[in-house]
Amino acid sequence: MLKKLVIIFVSVFCVLLAVPTAFPSLTKYFPSWVQPIPLGLDLKGGAQLLLEVDTETMFKEKSSQLYDEVRSAMIDRDKGMIRFSNLHNIGNGVSLVVRSDDEVSKAKGRLKSSIGNTVDVSSSGNVITVSYTDKQKAEMMQDAMSRSIEIVRRRIDALGTKEPSIQSQGGKYILVQLPGVSDPEHIKGLIGQTAKMSFHLVNESVSQEQLISGHAPSGTMFLSFMENPAQKIPVYSRVEVSGESLKNSQADFDQNNMPVVTTEFDASGARRFAKLTTEHVNERFAIVLDDKVLSAPTIREPIPGGRGQISGGFTLQEAKDLAVLLRSGALPAPLRVIEERTVGAGLGADTIATGKIGSIVGVLFVLLFMVLLYGHFGLVADFVLLVNLAMIVGVSALFGATLTLPGIAGIVLTLGMAVDANILPFERIRDEIREGVPSLRAVDYGFTRSTKTVLDGELTNLICALILFQFGAGPIRGFAVTLSIGVMTTLFTCLCLSRLIIDSYMNGKNKKIGFCKIK
């Protein structure tokens, strides 16, 4: 009895999950976790972007940072300066020449302790090379890829875009699908910004002649002002506070009702920001975003709370976009859009309309064929087939799967296999009756002896689906997901639900079973 109740409960529960998809107007009567299955890009229309992670630029920045770290370690006044020359960047790192033979070992030890195990320190005579190994580069590329995907996801989610699909492709590419987005330019611009923010002191000693000539003193950079690119701001290269310490950012309005971005630092960033504003009162500091100066305000008083405000003549939308960028974090490497596609919603609507007609016609023919071939057992198979279809849709919606054309193909293929799975027990029952076996025992033999064949066939399909999901991408994965769900629901409906209905019909008696004479 318990087994019957479990089968009925699972069947009814999964069918109810499909109701919001079949009748969207009834969604309000269901819990929030029961939603219609979302449509993919090819059915709903939208935009698709293929982004390339620019790891070459990332490694150049890493080498530049490594240059500064090596130089700082060698001139550390607390540990004693080690004399060196010819410090320069090479392919995967930096190289320098230690002037004294006796200090080569000391220099290598200091570099290893200062920079850590992220680099390889080697020497040939007096020449020391600090570089990234191939393994370390591969790890950095993998880390940059995963971080880029997560940051892109956070930026898109913050804009309220529904059902985006974001996944890696080919090791250095990110495929972004945005169903329902007709104009991807705004999102494309937001995704592509590196959003690397830092705070620097302004070098007030730089003369106007130096700014005009473009020759920056050592340790100083000339950066363009965002509002007026022709205007250059001299800022010290040293980063006083990094954007990585930023905990939160929100668009707001100042006392003059102008859009601004409020920032909040974590504990470490708050301490450094407080130290910066305490030690440099009445001096200017620059807020730099992607090598452009957003603003360069004067520090009027210490700011100990770790909260700040960025103003720069923003519109409200610009302030919201900047807040999203800063809140989601800086990209570890620039992203380049190398392919862009837009699918019109009309094309998706036409696909759905023609797909509905084709599906209805195909299902009707299958249902009619089953009744003609197996009589009232065919009616049972038809009912089980419709329940199977509802369960596939309901379980897919519960797991948050997106319905695409390949997904529909997976459902159609599953229904075809479900028909075959139902035929096997019926054919076995027919054979048993021909041998003179009583109908009640024939039903038991039919299901028992065909179970292994059904399991073999469905498990083979499941293995294929899992392999497609593991090694496929994009549409192939959508096909594999619906196929996998379909295999599980087919096994349940064929071996459990169908058996339950037929056993209830037989009711423990040898009733006459009438099969159609078609062979």
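For the atom pair CG (D252) and CG (L316), the distance works out to 10.0 Å, reported to the nearest 0.5 Å. Residue I287 holds its CD1 atom at 7.0 Å from OG1 of T263, rounded to the nearest 0.5 Å. Atoms OG1 and CD, on T277 and E283 in that order, are 11.5 Å from each other to the nearest 0.5 Å. Here CG of L17 is found 9.5 Å from CZ of F399. Values are rounded to the nearest 0.5 Å. Going from atom CD of E264 over to atom CD of Q250 covers 9.5 Å, rounded to the nearest 0.5 Å. Atoms CG and CZ, from D266 and R271 in turn, are 8.5 Å apart once rounded to the nearest 0.5 Å.
Here the shortest heavy-atom pairing between S237 and T220 reads OG-N, 3.7 Å. A pairwise comparison of heavy atoms in A286 and V235 identifies CB-CG1, 3.5 Å as the closest pair. When every heavy atom of T21 is checked against every heavy atom of P36, the shortest pair comes out as OG1-CA, 3.4 Å. Pairing each heavy atom of S148 with each of I174, the nearest pair is CB-CD1, 3.8 Å. The minimum heavy-atom distance linking T27 with Q35 is given by the pair CG2-OE1, 3.7 Å. Residues A296 and R284 approach most closely at O-CD, 3.4 Å, considering heavy atoms.
In terms of modelled atom types and a separation under 3.5 Å, the side chain of R110 and the main chain of A73 share a donor-acceptor contact. Put simply, the side chain of S113 gets close to the backbone of G109: a donor and an acceptor are under 3.5 Å apart. With hydrogens and angles ignored, the 3.5 Å screen pairs no side-chain donor or acceptor of S484 with any backbone N or O of A465. The backbone N or O of S131 lies less than 3.5 Å from no partner atom in the side chain of D120, so there is not a single donor-acceptor pair.
The side-chain heavy atoms of F84 and I128, taken from C-beta on, include no pair separated by under 4.5 Å. For the pair N89 and L66, the minimum side-chain heavy-atom distance is 4.5 Å or more. Counting heavy atoms from C-beta outward, H280 and F285 have side chains that stay 4.5 Å or more apart. Looking at S95 and V127, their side chains come closer than 4.5 Å, going by heavy atoms from C-beta outward. Counting only heavy atoms from C-beta outward, the side chains of K232 and S224 approach each other to under 4.5 Å. In this structure, L483 and M417 have side chains that are in contact, with non-hydrogen atoms separated by less than 4.5 Å. In this structure, T262 and R307 have side chains that are not in contact, with every pair of non-hydrogen atoms separated by 4.5 Å or more. Residues F222 and P217 meet the side-chain proximity criterion, which asks for heavy atoms closer than 4.5 Å.
Residue-environment remark: CD (E139) exceeds the threshold of 12 foreign heavy atoms within 6.0 Å. For M488, the CE atom sits in a loose shell: 12 or fewer heavy atoms of surrounding residues, nucleotides or ligands are nearer than 6.0 Å. Residue F23 places its CZ atom among 12 or fewer non-hydrogen atoms of other residues, nucleotides or ligands, all under 6.0 Å distant. Counting heavy atoms of neighbouring residues, nucleotides and ligands inside a 6.0 Å radius, atom NZ of K320 does not exceed 12 of them.
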**OP:** Determine, step by step, whether E339 and Q48 satisfy the side-chain contact (heavy atoms from CB on, under 4.5 Å) criterion, reporting the C-alpha distance in whole Å, the side-chain angles of both residues, the deciding distance to 0.1 Å, and the verdict.
**Re:** CA-CA 8 Å; E339 183 180 306; Q48 174 176 298; 4.1 Å; yes
Original post:
Stepwise, does the side-chain contact (heavy atoms from CB on, under 4.5 Å) test hold for L335 with V152?
Top reply: CA-CA 10 Å; L335 296 178; V152 168; 3.6 Å; yes
**OP:** Might you work through the side-chain contact (heavy atoms from CB on, under 4.5 Å) test for L16 and V34, ending with a clear yes or no?
**Re:** CA-CA 9 Å; L16 288 176; V34 181; over 6 Å; no
**OP:** Take V239 and H200, measure what side-chain contact (heavy atoms from CB on, under 4.5 Å) needs, and give me the verdict at the end.
**Re:** CA-CA 5 Å; V239 176; H200 304 252; 3.6 Å; yes
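The ring pair (Phe, Tyr, Trp, His ring centres under 6.0 Å) check on Y173 picks up nothing, with sequence neighbours excluded.
None of V393, I392, V387, L389 except one satisfies the side chain to side chain contact (heavy atoms under 4.5 Å, CB included) rule with T489; the exception is I392.
Sorted by first and then second residue, the ring pair (Phe, Tyr, Trp, His ring centres under 6.0 Å) pairs involving residues 40-68 (not counting sequence neighbours) form an empty list.
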